[in-house]
Engineer: 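Can you keep this structure in mind? I'll have questions shortly.
Just follow the structure's listing: the first ligand is 1, and inside any ligand the first atom is 1. All values reported here derive from a predicted model rather than from experimental measurement. Values reported hereafter were calculated over all heavy atoms of this structure, with side chains retained and with hydrogens, waters and symmetry mates removed. Just so you know, residue 1 is the first one in the sequence shown, and it goes up from there.
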Amino acid sequence: MPDSEFTGRSIGLWHPEQTRAEYRPCHPKWMFEMTTLIKNGRIITATDDYFADVFIDGETVSMIGKNLPGEVVKRADRVIDAKNKLVIPGAIDPHVHMELPFGGTVSSDDFKSGTIGAAFGGTTSIIDFAIQFKGKTFQQTIDDWHAKASGKCAIDYSYHLAVTEYEPKHEKEFAKVIDQGITTFKIFLAYPGVFMIDDQTMFRVMQSAGAAGGMTLVHAENGIAITEMINNLVKAKKLEPKYHAQSRPPVMQADGVARACKVAEVAKAPVFIVHVSCEAAMIELQRSRDAGNPAYGETCTQYLFLDESYYDKPKFEGAKYVFTPPLVGKENIEPLWKGLKLGYLQEVSTDHCPFNFKGQKELGKDNFTKIPNGGPGVEDRLSMVYQGGVIERGFTLNKWVDLCSTASAKLFGMFPKKGTIAVGSDADIVIYDHKKKRTISAKTHHMNCDYSLFEGWKITGEPQTVLSRGKVIIENGKYVGSPSDGKFLKRGAVVTP
Ligand code: URP
Ligand code: ZN
Ligand code: ZN
């Protein structure tokens with residue numbers, strides 16, 4: 001077959017006697033220019049639900065339709081049959097922490113293992129948090145994160161910049177961060193002495209981010225009052241994992257949310273509350289939005305399924321659920337699902353920040369304050385939201401896609417490159433087997449963590465094939481990509497609903 005019959009492109013290394021199937025090139029240009037046809041699938045986006053074929057030219061979707069012309073179909077180097085499967089945009093997890101130094105140790109997934117785990121779970125973009133450690137400039141912080149992530153990611157990635165110091169003299173540097181495609185900023189109202197900032201800094205960050213078309217994400221708790229409660233528990237020798245939850249009651253989160261929303265209101269800037277875990281905090285967020293403010297938020301998979309009773313597990317196993325904010329009373333679970341359904345909360349992330357039980361969580365064996373805060377989850381989110389949302393609560397497939405992909409693409413400046421299946425969009429696509437029954441377990445997951453938050457849970461639904469910018473990276477239960485496929489995503493202005 002002569003070159004011209006392919007696509008008219010120069011294909012360089014290909015020899016005319018080779019069939020396409022035989023040809024396994026390693027030349028990156030070739031990889032980008034592969035053509036793929038996904039046929040017979042049911043395409044679900046945040047707004048659409050229809051049967052059609054998708055043609056991918058290189059990294060992007062170039063055609064969608066029923067009965068695509070024969071000459072187009074012939075051009076396909078690879079054909080994927082998606083019969084009886086859902087074809088959805090790759091999921092986006094906008095809240096993860098890979099290789100994060102925290103709590104005297106480092107989160108156990110690096111960018112390689114964490115993004116491979118994500119890919120198995122149908123997630124094709126992540127946003128990590130580049131956290132400004134004491135004495136570092138914004139640029140040094142970003143460079144440090146690039147050094148950890150670059151060349152190691154299986155999927156596309158970006159960072160929110162977590163600011164811990166912001167004086168007026170840093171304004172120019174702030175603008176340069178935006179120029180690099182980092183348009184969202186994070187502040188902590190918790191972890192005093194480590195990451196916590198004061199209200200003056202909060203105001204400055206919100207004002208600068210908002211003025212530049214960006215947005216400020218807030219870990220909202222009353223960190224000072226919580227510290228006093230922790231001290232009192234320690235003094236009273238209440239040191240088991242369950243006291244982590246007692247030291248951070250929902251009302252302290254609600255207090256942080258209310259304060260963040262009020263400061264954002266006077267800064268005339270959008271605000272996004274991360275990891276909302278309880279109804280009281282969600283109500284504060286909703287109150288601000290009802291008053292006309294651009295105030296948004298997320299919850300995380302764990303808060304949609306687990307409650308504070310998990311801290312009572314024997315043999316220190318409660319430590320597996322020590323993350324911040326902690327799990328709360330069961331009565332919060334349905335309101336959070338309702339909040340997602342009605343749009344009080346915009347998306348579901350994971351706050352993936354895994355620490356192994358052996359050797360890491362065990363650091364706090366005798367004192368809950370020494371348990372590193374965080375848990376694994378990046379691999380489970382898409383399927384757990386399908387299970388809990390679509391199967392168990394009748395959410396539409398569109399809503400599922402919105403919560404796991406589209407809403408984040410819009411809110412964090414990536415739409416329509418990411419978050420949908422449309423002509424011109426990146427071909428980040430998941431062929432989802434929505435009938436597959438399986439059991440979640442740390443024995444079979446791909447995250448580098450020796451336990452699962454959902455060990456033994458039986459669910460229905462699994463990503464079968466995952467494409468990242470047109471390249472198949474998960475197929476037949478195997479990772480078939482290379483860990484340098486992922487590119488840094490330059491993001492634009494946020495699009496708020
Ligand atoms: O426990 C958690 N969530 N660890 C990660 C840091 C944070 O607060 O998001
Ligand atoms: Zn947080
Ligand atoms: Zn986090």
Side-chain angles (χ1 to χ4, degrees), residues 93-109 114 118 126-133 145 157-164 184-197 202 216-223 226-227 230 241 244-245 247-248 250 252-253 255-257 260 271-278 281 285 297-304 306 308 310-311 318-328 347-357 360-361 363-364 368-378 381 408 412 447 449 451 453:
D93 191 337
H95 188 159
V96 301
H97 303 276
M98 308 299 176
E99 215 178 316
L100 175 69
F102 194 45
T105 181
V106 179
S107 60
S108 57
D109 260 322
I126 53 160
I127 314 182
D128 200 278
F129 292 81
I131 301 184
Q132 183 187 26
F133 287 102
W145 250 257
Y157 61 98
S158 182
Y159 330 118
H160 311 281
L161 178 67
V163 175
T164 57
T184 43
F185 298 82
K186 163 92 174 281
I187 50 173
F188 290 91
L189 307 185
Y191 311 130
V194 188
F195 299 143
M196 195 175 90
I197 47 99
M202 167 154 62
T216 304
L217 284 64
V218 185
H219 172 134
E221 285 184 305
N222 185 326
I226 285 170
T227 299
I230 292 173
H244 170 69
S247 71
R248 314 181 95 96
M252 289 289 92
Q253 193 187 144
D255 179 67
V257 173
V271 64
F272 185 93
I273 308 296
V274 297
H275 49 45
V276 174
S277 67
C278 59
L285 183 59
E298 66 178 12
T299 188
C300 308
T301 324
Q302 54 274 25
Y303 305 121
L304 291 167
L306 310 176
E308 62 194 359
Y310 281 76
Y311 293 116
K320 293 177 176 173
Y321 308 90
V322 168
F323 32 72
T324 298
L327 295 172
V328 289
E347 46 90 353
V348 182
S349 73
T350 58
D351 196 5
H352 176 81
C353 188
F355 297 100
N356 285 308
F357 185 66
Q360 292 192 296
K361 290 287 182 182
L363 292 169
F368 76 88
T369 67
K370 303 216 157 36
I371 302 171
N373 283 203
V378 73
R381 181 187 59 130
S408 291
F412 304 117
M447 300 174 283
C449 189
Y451 73 94
L453 293 178

Engineer: Indicate yes or no: at least one non-hydrogen side-chain atom of I226 is less than 4.5 angstrom from one of Y191.
Structural biologist: no
Engineer: Determine, using ring centers only, whether H219 and F195 are less than 6.0 Å apart.
Structural biologist: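 Ring-ring flag for F195/H219: false, centres at least 6.0 Å apart.
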Engineer: Indicate whether any N or O donor in one side chain lies under 3.5 Å from an N or O acceptor in the other, for D93 and S349.
Structural biologist: no
Engineer: Aromatic ring centroids of H95 and F129 under 6.0 Å?
Structural biologist: yes
Engineer: What are the atoms of ligand 1, with element, lying closer than 4.0 Å to any heavy atom of H219?
Structural biologist: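 Reading through ligand 1 atom by atom, the close ones are 8 (O).
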Engineer: Taking the side chain as every heavy atom from C-beta outward, state whether C278 and Y303 have any atom pair closer than 4.5 Å.
Structural biologist: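 In short, these two side chains do not touch, never coming nearer than 4.5 Å.
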Engineer: At a 4.0 Å threshold, what atoms of ligand 1 neighbour a non-hydrogen atom of H95?
Structural biologist: 9 (O)
Engineer: Tell me the contacting part of Y191 for ligand 1: side chain, backbone, both, or neither, using a 4.0 Å heavy-atom threshold, strictly below.
Structural biologist: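 Contact part for Y191 vs ligand 1: side chain (C-beta onward).
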Engineer: For the pair Y311 (side chain) and Y321 (backbone), establish whether a donor and an acceptor sit closer than 3.5 Å, ignoring hydrogens and angles.
Structural biologist: yes
Engineer: Check ligand 1 against C353 and write out every atom of the ligand that is under 4.0 Å from a heavy-atom position of the residue.
Structural biologist: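 The list of qualifying atoms is 5 (C).
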Engineer: Given H275, which partner from the list D351, T299, T324 fulfils the side chain to side chain contact (heavy atoms under 4.5 Å, CB included) test?
Structural biologist: D351
Engineer: Which ligand 1 atoms are under 4.0 Å away from a heavy-atom of H275?
Structural biologist: 8 (O), 9 (O)
Engineer: How close does the nearest protein non-hydrogen atom get to atom 1 (O) of ligand 1, and which residue and atom is it?
Structural biologist: T324 N, 2.8 Å
Engineer: Mind running side chain to side chain contact (heavy atoms under 4.5 Å, CB included) on I230 and F368 for me, showing each step along the way?
Structural biologist: CA-CA 9 Å; I230 292 173; F368 76 88; 4.2 Å; yes
Engineer: Suppose I only count heavy atoms of F323 and a 4.0 Å limit; which atoms of ligand 1 are within that range?
Structural biologist: 1 (O)
Engineer: Mind listing the protein N/O/S atoms less than 2.8 Å away from the Zn ion (ligand 3)? Waters don't count.
Structural biologist: H95 NE2, H97 NE2, D351 OD1
Engineer: Relative to the heavy atoms of H97, which atoms of ligand 1 are at a distance of less than 4.0 Å?
Structural biologist: 5 (C), 6 (C), 7 (C), 9 (O)
Engineer: Under 6.0 Å between ring centres, would you say that holds for F272 and F185?
Structural biologist: no
Engineer: Taking atom types as modelled, is there a side-chain donor on D128 or H97 under 3.5 Å from an acceptor on the other?
Structural biologist: no
Engineer: Would you mind checking which non-hydrogen protein atom is closest to atom 3 (N) of ligand 1, with the distance to 0.1 Å?
Structural biologist: D351 OD2, 2.6 Å
Engineer: Regarding S277 and Q253, do their side chains bring together a donor and an acceptor under 3.5 Å, going by distance alone?
Structural biologist: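 S277 vs Q253: donor-acceptor pair found between side chains.
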Engineer: With heavy atoms under 4.0 Å as the rule, classify the contact between N373 and ligand 1 as side chain, backbone, both or neither.
Structural biologist: both
